[in-house]
Q: 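I have a structure I would like to understand better, so I am pasting it below and will then ask my questions one at a time.
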There are 2 protein chains.
Amino acid sequence: MARGSTRPTSRDVAQAAGVSQAAVSLVLGDKWRGRVSETTAERVRQAARELDYRPNLAARNLRLGHTRTVLLVVPALTTEFFGGVYTGAARVAAQHGFGVVLYPSPAGIGPARDPFASAQAALDGVIASSMAADALTDIRGDQLPLVMLDSNPEGSLGAATVNLDIADGVRQVTDHLLSLGHRHILHLAADIASWTFEVRARELATRLSALPGTLLRTAHTPISIEDAVTAAETALSAPGPRPTALVCDDDKLAAGAYKAARRLGLRIPEDLSVTGLDDLALAQALDPELTTVRLDAELFGERGMHALLAVLEGRTPEGGDIPVELVVRGSTAPPGG
Amino acid sequence: MARGSTRPTSRDVAQAAGVSQAAVSLVLGDKWRGRVSETTAERVRQAARELDYRPNLAARNLRLGHTRTVLLVVPALTTEFFGGVYTGAARVAAQHGFGVVLYPSPAGIGPARDPFASAQAALDGVIASSMAADALTDIRGDQLPLVMLDSNPEGSLGAATVNLDIADGVRQVTDHLLSLGHRHILHLAADIASWTFEVRARELATRLSALPGTLLRTAHTPISIEDAVTAAETALSAPGPRPTALVCDDDKLAAGAYKAARRLGLRIPEDLSVTGLDDLALAQALDPELTTVRLDAELFGERGMHALLAVLEGRTPEGGDIPVELVVRGSTAPPGG
DNA sequence: CGAGCGACGTTATACGTAACACGTCATTGA
DNA sequence: TCAATGACGTGTTACGTATAACGTCGCTCG
């Protein structure tokens, strides 16, 4: 609230224009056809302009009982991925007269705070990434229409889910590596308890166990380049035969793997093939450029918003996972170069 | 608004607890010491819990006349930098009972929309990056307390400003390169009309023009790795003597420069030294790791929030730019290796 | 000629909350 | 004994908006 003089209200505008507050509301709300004369309407608009009137949103929201605003809950913004998700969601929202408030689950702000108290915005619905689910302790049951992103369709409390087809992405990666001749694969896995990461591990394991003569090991690490370096370095220098391919849960881990390979004197892709997942800008900055799975972040956001709109209108959101695409670049080659 | 049964109000809680609505407000607002008995208070809390009551924020905001919510306007989230700014701002805000709503200036959502209409949140103040200033066409004058980030202290309409000491960062980069013996420098500049980029160009120019025998050229490019590649490739293969050092406006441009150097067969740092600015995760993923200027994004956000809190309380925000730090890594060396 | 209607507004109300200004009863102090 | 005090609440109001319900006036039509 601005200090000093208080903000003008619709009543001030009414007084300035010599009409009632109701008339102001009608004119500015564009509902005056056949109720107010054109000249009066113009007089109201003029007064509003001169006073620089802005409707009080708190009052409007209270009166209307809705806000046409949804909350997008995401993990801490350490990559551009969820920026893309926001862009997609906001675009669709704008087309339907909605606004999107972005709530990055705040790392290190102490105990997970209630995003609803924190955002202080009155909301019509929520889209939440399962990776930020710990921030959602306060969503209980059916308080608010909810769409989950990348969440287990079962066990999501009946909330609608929109998922990337990560399983298919892992399938494509695995097939690509197998067709190159790799048989011994190391999985550099994120140590986050989230469905989307469980899918990677499960799909990789089932795919490889179906093919005799293959070997799969796993190394866990927090999602940061530095942590990934040490995890990859340790795993790659473990006794026994060295893996010829490294499947990383995301591109940042792959970047860490590159550094680990350099330290160990391993050439990519001659000595070690590496794959990522996300297709961040980072992937093309690496040398050699990273073979990875492209996720369409904006489409993800669009689909999430469409699903939420469907829920809000009482429709059933359309199902179907979002397809992903393997992008083969220079980091993968047959074992031994 | 949830469909079907409507949400419980404080009056519902009052009825369930057998007290008046006022008592509910007192108890839940923690203002009941000496006004309501402990047993009654507990009865109210119990009823609220059973009904899963949540106060209507629109109503509260209307009544209170403020929201304890501020808006953080930033450019599209294409790097993790503004994620860090948000984290810092949200941390300080939380300590003072405020919430932060993040508004990334939506690239490609059509005409620049009014963030205030879009966010639909009633706000107490705004922190805005000058890089997203085009989204702010609707901030006119003193409507809302405003703090600008990385904006020209003059010409900011009297708004408080919080700046990183970019000029000093450029100074450190320049001194570093000069002391290594570089005399011919190419500036890979972002083609964004924003004060923070003007500072880079100006400081570099004045620094070099003060030293005879130096040569400075400039190539402009949009901030994306792909665009930077072509811009750098063109500039580096231009006729005449080749620059020995490349100063990039940010780390993403530097990543593009790396690719351009590879295409041209130039080794970094032997044939070409490269510097960036930001110290994104990307900087350490490059090979060789990038010499760059570290910006403390979280501190930036903290200082921005502190400044806004000062404005809100009628105090004068403390001045002083935020120090930055040159991080020397493997991408810079004396010319010729 | 009077009922009906369209054009042009106004009056009144409710949304849910916070808090001011009172009440009521029992206990206390002089 | 009687006013004063404290403990424990309640009645009422206002925040600024959107809209349902209600006038009023002049004209038309049967």
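Chain letters run A, B, ... following the sequence lines, proteins first, then strands; residues in each count from 1.
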Q: Report the distance from atom CG of A:Leu57 to atom P of C:dG16, rounded to the nearest whole Å.
A: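 So the two atoms are 18 Å apart, to the nearest Å.
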
Q: Is the closest side-chain donor-acceptor distance between B:Thr39 and B:Ser37 under 3.5 Å?
A: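 There is such a pair (donor and acceptor under 3.5 Å, judged by atom type) between the side chains of B:Thr39 and B:Ser37.
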
Q: Look up atom CZ in B:Phe300 and atom OG in B:Ser129, then write down how far apart they are to the nearest 0.5 Å.
A: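 One gets 7.0 Å once the value is rounded to the nearest 0.5 Å.
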
Q: Atom CG of A:Leu64 and atom C1' of D:dT19: how far apart are they, to the nearest Å?
A: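 Going from CG in A:Leu64 over to C1' in D:dT19 covers 10 Å.
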
Q: Going by atom types alone, do A:Gln46 and A:Arg43 pair a side-chain donor with an acceptor below 3.5 Å?
A: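 Absent: no donor and acceptor within the cut-off.
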
Q: If you only use heavy atoms from C-beta on, which nucleotide in C:dG16, C:dG9, D:dT17 is closest to the side chain of A:Ala59?
A: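 So the side chain of A:Ala59 is nearest to D:dT17.
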
Q: Between A:Arg60 (CZ) and C:dA14 (C1'), how many Å, whole number?
A: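 Going from A:Arg60 (CZ) to C:dA14 (C1'), I get 17 Å.
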
Q: Check the side chains of A:Thr67 and A:Asp124 for a donor-acceptor pair under 3.5 angstrom, ignoring hydrogens and angles.
A: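 Judged by distance alone, the side chains do pair up.
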
Q: Let me know the distance between CG of A:Asp12 and P of D:dT17, rounded to the nearest Å.
A: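 That distance rounds to 9 Å.
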
Q: Within a strict 4.5 Å, meaning less than it, do heavy atoms of the A:Phe81 and A:Tyr86 side chains meet?
A: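 SC-SC contact between A:Phe81 and A:Tyr86 ruled out.
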
Q: Can A:Asp150 and A:Met131 be said to form a side-chain contact (heavy atoms from CB on, under 4.5 Å), step by step?
A: CA-CA 8 Å; A:Asp150 258 344; A:Met131 294 176 67; 6.0 Å; no

Q: From C-beta outward on A:Leu62, which listed nucleotide comes closest to its side chain: C:dA19, C:dG16, C:dG9?
A: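 Per side-chain heavy atoms of A:Leu62, the pick is C:dG16.
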
Q: Using atom types as modelled and distance alone, determine if a side-chain donor or acceptor of A:Arg7 lies under 3.5 Å from a backbone N or O of A:Arg54.
A: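 At least one qualifying donor-acceptor pair exists.
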
Q: B:Arg35 or B:Pro55: which one's nearest nucleotide on DNA chain C is closer to the 5' end?
A: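 Its nearest nucleotide being more 5', the pick is B:Pro55.
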
Q: Once salt bridge (Lys or Arg N to Asp or Glu O under 4.0 Å) is applied, what residue pairs with a partner in residues 12-38 of chain A remain, sequence neighbours excluded?
A: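 Found A:Glu38-A:Arg45.
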
Q: Supply the atom-to-atom distance B:Thr40 OG1 to B:Trp32 CH2, rounded to the nearest 0.5 angstrom.
A: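 Interatomic distance, B:Thr40 OG1 to B:Trp32 CH2, rounded to 0.5 Å: 9.5 Å.
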
Q: For DNA chain C, what residues of residues 37-45 of chain A have any heavy atom nearer than 4.0 Å?
A: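 Within residues 37-45 of chain A, the residues near DNA chain C are A:Ser37, A:Thr40.
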
Q: Give the residues of residues 14-34 of chain A touching DNA chain D, defined as any heavy atom closer than 4.0 Å, sorted by residue number.
A: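 Correct list: A:Gln21, A:Ala22, A:Ser25, A:Lys31.
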
Q: Nearest-Å distance, CZ (A:Arg11) to C1' (D:dG16)?
A: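 Interatomic distance, CZ of A:Arg11 to C1' of D:dG16: 7 Å.
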
